[in-house]
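Here the structure comes first, spelled out in structure tokens, and everything after it is commentary.
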Amino acid sequence: MTTDVLVVIGVGGMGQAIARRQGSGKTVLLADFDEGALSSAASTMTSIGHTVQTLAVDVSSPESVDRLAQRATELGAITQLAHTAGLSPNQASAEAVLRVDLLGVALVLEAFGKIIAPGGAGVVIASMAGHLFPAFTAEQERALARTPARELLELAHVSPGSITDSAVAYGLAKQANHISVRAASLAWGRRGARINSISPGVIATPMGHLELDSPVGQVMRDLVAASAVGRLGTPDEIAAAAAFLLGPEASFVTGTDLLVDGGVVAAVRSGAVAPEN
């Protein structure tokens, strides 16, 4: 009997929450750049009964992503993929953010779009930041949708040579994720599979708290306070959204982004609050 495989890339708060919720009865392949965090997450999941395999991965490296895809196929039928790995603006340079958050997502979508099982589904964790930055032009969007993953950072509008502010790099990368998911849905669809993204708001994870403690933390707190829900989100709430998109109830949903932000973007777009305030 073929084993169903859940691949979770990134073992931060959201990645672990998704792995716990979706992993029962599957072989869970956890992947992360941080081998210490990877070992700890695997130990925790194993202790509560999950079947777990691990592999260190650098999502900005095509070769590393290809090794991850190969390892996943060796374990069984890849029925679910959750790509949660990413760098926040206060964790890294603009170039590193673009390589991990933009290029890394595109490489994973491309590699797993060739091997995802029929009936399978994937989710990419993007960000509400992708909805708050000015939109790419139609020409720029087409270029992002049609350019092979390995060549994306050669495009002038997302090139590390032209983007030097890490916050700008983050917003552009997350907007590019939405575009990459839309484009990838066609290749995934040819295999009878679906791919979507989730754009979380401010979530109570270690990364989220790092941003709240940064120089832009007050801006984020003001946005949360002005939102309809008025609080931080939890990793389990993102896992619940992922469960819907990965499950049979979402069989007619692909190539789209689900905004799970407590109403922050709605507040900004309604004029209740300005994102720079």
Next on the checklist: Quick one: does any side-chain atom of S270 pair with a main-chain N or O of A266 as donor and acceptor, under 3.5 Å?
Outcome noted: yes
Item to check | Under 3.5 Å donor-acceptor, Q91 side chain and S88 backbone | outcome: yes
Checklist entry - For the atom pair NZ (K174) and CG (D257), what is the distance rounded to the nearest 0.5 Å? => result 10.5 Å
Item to check | Residues S24, H50; criterion side-chain contact (heavy atoms from CB on, under 4.5 Å); working and verdict | outcome: CA-CA 6 Å; S24 298; H50 291 281; 3.7 Å; yes
Item to check | Heavy-atom donor-acceptor pair, T46 side chain to S43 backbone, under 3.5 Å | outcome: no
Checklist entry - Got more than 12 heavy atoms from elsewhere within 6.0 Å of CD, E35? => result no
Item to check | Electrostatic pair R67:E63 at N-O distance under 4.0 angstrom | outcome: no
Checklist entry - Just by modelled atom types, is the A176 backbone N or O under 3.5 Å from a matching donor or acceptor in the S180 side chain? => result yes
Item to check | Residue among V52, V7, L75, L6 satisfying side-chain contact (heavy atoms from CB on, under 4.5 Å) with T27 | outcome: L75
Checklist entry - If we ignore angles and hydrogens, is there a donor and acceptor under 3.5 Å between the side chains of D236 and T234? => result no
Checklist entry - Hey, does the side chain of T254 reach the backbone of S185 with a donor-acceptor pair shorter than 3.5 angstrom? => result no
Checklist entry - Between S64 and A56, which heavy-atom pair has the shortest distance, and what is it? => result OG-O, 4.4 Å
Next on the checklist: Do S197 and N177 pair up side chain to side chain, a donor and an acceptor below 3.5 Å, judged on atom types alone?
Outcome noted: no
Item to check | Main-chain N/O of A156 paired with S162 side-chain donor or acceptor, under 3.5 Å | outcome: yes
Item to check | Nearest heavy atoms of V100 and G86, plus distance in Å | outcome: CG1-CA, 3.9 Å
Next on the checklist: Between M45 and V5, is there shared hydrophobic-cluster membership here, with clusters defined by ILVMFWY side-chain heavy atoms closer than 4.5 Å?
Outcome noted: no
Next on the checklist: In the structure I gave you, are the side-chain heavy atoms of D32 and I9 within less than 4.5 Å of one another anywhere?
Outcome noted: no
Item to check | E249 (side chain) donor-acceptor with F244 (main chain) under 3.5 angstrom | outcome: no
Checklist entry - If you look at every heavy atom in V260 and A241, which pair is closest and at what distance? => result CG2-CB, 4.0 Å
Next on the checklist: Apply side-chain contact (heavy atoms from CB on, under 4.5 Å) to residues H131 and R269 and explain how you reach the verdict.
Outcome noted: CA-CA 10 Å; H131 292 270; R269 291 186 172 172; 3.8 Å; yes
Checklist entry - Does S199 reach the main-chain N or O of S127 with its side chain, forming a donor-acceptor pair under 3.5 Å? => result yes
Item to check | Check against side-chain contact (heavy atoms from CB on, under 4.5 Å), F112 and I78 | outcome: CA-CA 9 Å; F112 280 84; I78 306 160; 4.2 Å; yes
Checklist entry - Just by modelled atom types, is the F252 backbone N or O under 3.5 Å from a matching donor or acceptor in the R194 side chain? => result no
Item to check | H178 side, atom NE2; L144 side, atom CG - distance, nearest 0.5 Å | outcome: 12.5 Å
Item to check | Residue pair S166 / V168, side-chain heavy-atom distance below 4.5 Å | outcome: no
Item to check | Interatomic spacing from OG in S93 to CD1 in I163 - rounded to 0.5 Å | outcome: 12.5 Å
Checklist entry - Between V124 and I198, is any pair of side-chain heavy atoms under 4.5 Å apart? => result no
Checklist outcome for this item: Tightest non-hydrogen contact, residues A121 and L245, listed as CB-O, 4.1 Å
Checklist entry - In terms of side-chain geometry, is the basic nitrogen of D66 or R150 positioned less than 4.0 Å from the acidic oxygen of its partner? => result yes
Checklist entry - Closest heavy-atom contact between A145 and A183? => result O-CB, 3.6 Å
Next on the checklist: Which residue in the set V181, L258, L246 passes side-chain contact (heavy atoms from CB on, under 4.5 Å) when paired with V123?
Outcome noted: L246
Next on the checklist: Are L107 and L155 linked, directly or through intermediate hydrophobic residues, by side-chain heavy-atom contacts shorter than 4.5 Å (ILVMFWY only)?
Outcome noted: yes
Item to check | Hydrophobic cluster membership, L152 vs V65, 4.5 Å side-chain cutoff | outcome: yes
Next on the checklist: For N196 and T256, which I'm curious about, is there any donor-acceptor pair between the side chains at under 3.5 Å?
Outcome noted: no
Next on the checklist: Would you say that more than 12 heavy atoms from the other residues, nucleotides or ligands in this model lie under 6.0 Å from the CD of E139, or not?
Outcome noted: no
Item to check | Shared hydrophobic cluster for I125 and L81 (ILVMFWY, side-chain gaps under 4.5 Å) | outcome: no
Checklist entry - Can you tell me how far OH of Y170 sits from CZ of F133, rounded to the nearest 0.5 angstrom? => result 10.0 Å
Checklist entry - Ignoring hydrogens and geometry, is there a side-chain-to-backbone donor-acceptor pair from K114 to E110 under 3.5 Å? => result no
Item to check | Derivation of the side-chain contact (heavy atoms from CB on, under 4.5 Å) call for L38 and L30 | outcome: CA-CA 7 Å; L38 186 58; L30 299 178; 3.7 Å; yes
Checklist entry - Is there a side-chain contact between I18 and T84, using heavy atoms and a 4.5 Å cut-off? => result yes
Next on the checklist: Starting from V158, can I reach L109 by hopping between I/L/V/M/F/W/Y residues whose side chains sit under 4.5 Å apart?
Outcome noted: yes
Checklist entry - Any side-chain heavy atom of V8 within less than 4.5 Å of one from L29? => result no
Checklist outcome for this item: Closest non-hydrogen contact found for I116 with R191 is O-NE, 2.7 Å
Next on the checklist: One pair to check against salt bridge (charged side-chain N to carboxylate O under 4.0 Å, His left out): R182 and E141. What are the steps and the verdict?
Outcome noted: CA-CA 11 Å; R182 288 197 292 271; E141 183 171 331; 2.9 Å; yes
